[in-house]
Amino acid sequence: MAASALTVLAATPIANAQVVAGAAIENVARVNFEIAGARRTVSSNIAVIKAAERLDITLIQTRPPIIDGDANVTIGATLTNTGNGQEAFVVTGTIAPDGASTGPLAIDVDGDGRFGAGDTPLVDGRTPVLAPGQVLSLVLVVPASAGTEPVTLTAVAATGAGTPGTAFDGQGDGGADAVVGSTGARASVSIPLVGTNVSVVSLEKRQRVAAPDGSARAVSGATITYTMVARFTGAVRGATLEDPVPAGTSFVPGSIRLDGATLSDAADGDAGQIAAGQVRVALGDVAQPGERTISFQVTIQ
Amino acid sequence: MNRAHALAATTAFAIVTSLAVPAAAAPAADNGPLSIETRMLVEQRTRAADGTTRTEQVAPTKVVPGTPVTIVIDYRNTGDQPLGGVVIANPVPRNTVFGGVATGTPQPEVSVDGKTFASLAQLRVPATGGGTRAATHSDVTSVRWRLPSPLTAGSKGQFAFQAVLK
């Protein structure tokens, strides 16, 4: 059977009110006085300072990791440039205890909380340049072979990091100095993969074959009914189930069911749709432990 | 740490005059008989061998958000007549917050609307949710000093205050 997976959603942006790096701060004073019975005003020179760049970052895990039916773990995190300059960051994911690397680390472009074709893998862990206050949604896949060791996700400002106050002269925006802020321009989250931190979403998938002759032989013309039971041990946001229509079969129109109710095939207001060879059912926000049952049918060609 | 509020409460700070190299500044046009110049400095702390900390005002570098900047205004009567009714005004630079005056600088009149000047304690501003509240340093948009008596020929003076970068 082809693998199916569950997905969840990403986070929200943060406003930034700091003066931007490289901006000119200007001061001018004026004096008004009386001379020969008239009042006059004289302005001073304009004194100028260039605002330096402060390097700061926050990195937070957006929700508990999701384990799918194949025991792969998807971790979502948001990285925010909390400094005042244009800055790229270098992100790495390692698995305790020997620091082995994890699977793909990507920008969650489509915001679906999982690593898919629409997402952009990071090359050497380097993000694009982020504007001050900009938020980047990241997704990391840890293969089942990683076991249950904690995963550590670390992000560092590309210009430099270290003790707050460390300066990188002239390396900030517009040739201004760059100075490490209170976060050290470095952030790290450690994510245990077991225990109450994890919403285990298990997928049990079964199939039942019904051939035209009444037997259960998988012959041309037989109908396969796939039933997936998604069991949640905790709350999950924006859960979506996707299952591809297997090669060599064709989808039976109108066969998508969620907990027994029929869903329409079109991408309309209800939770189900079939598109581009994928059956997709939006389970929405699951607030408490429980299970949902999804089924659909295909015909063997 | 909100240094602006700490300065509002009690202390002022001292500046070292004439030794620091000023921030980049274009020279003022000679409009005589009253010359006025401004420069900006930042505080630098150095630790001496005996453990004490020495604080001085130096040319600004590494001015990141949150850095307090010292704004210095020097004025002088370059003519041969006394000048009366001298008023020196300085808008608080955009992207900074007023943080109090230096030691030796008298309390200025301040404005929160750019038009009316008074002591900070007398001013009120609209409060979120309706009504008004007492104005604070962060509401100040301009500061001004009125010399109490005419400035005699050849006399000079200096005012200094702090502006914290947003």
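Only this structure's heavy atoms are used, side chains among them; waters, hydrogens and symmetry mates stay out. Within every chain, numbering begins at 1; the chains are lettered A, B, ... in the order of the sequence lines, protein sequences first and strands thereafter. Values in this document were obtained by computation on a predicted structure and should not be read as measured data.
In terms of non-hydrogen atom pairs under 4.5 Å with chain B, the most contact-rich of A:Glu53, A:Arg30, A:Lys50 is A:Arg30. Options B:Pro93, B:Pro150, B:Ala163 differ in how many heavy-atom pairs under 4.5 Å they form with chain A, and the most are formed by B:Pro93.
Closest of all the heavy-atom pairs between B:Thr141 and B:Asp113 is OG1-N, 4.1 Å.
For the pair B:Val58/B:Val42, a side-chain contact is recorded, criterion being any heavy-atom separation below 4.5 Å from C-beta on.
The line from OG of A:Ser44 to CG of A:Asn27 is 6.5 Å long, rounded to the nearest 0.5 Å.
Between A:Asp56 and A:Arg186, none of the side-chain N atoms (NZ, or NE/NH1/NH2) sits under 4.0 Å from a carboxylate O, so this pair counts as no salt bridge. A salt bridge does not link A:Asp124 to A:Arg126: none of the charged nitrogens lies less than 4.0 Å from a carboxylate oxygen. Between B:Glu43 and B:Arg45 there is a salt bridge, since at least one side-chain N of the basic residue sits less than 4.0 Å from a carboxylate O of the acidic one.
Between B:His137 and B:Phe98, the two ring planes are perpendicular [angle over 60°; tilted spans 30° to 60°].
Contacts between A:Ala176 and chain B at a heavy-atom distance below 4.5 Å are absent for every atom of the residue. Only the side chain of B:Thr96 comes within less than 4.5 Å of a heavy atom of chain A; its backbone N, CA, C and O stay farther away.
Residues of residues 79-87 of chain B having a heavy atom under 4.5 Å from any heavy atom of chain A, listed by number: B:Leu83, B:Gly84, B:Gly85, B:Val86, B:Val87.
Every residue was checked against the salt bridge (Lys or Arg N to Asp or Glu O under 4.0 Å) condition with A:Asp173, not counting sequence neighbours, and none meets it.
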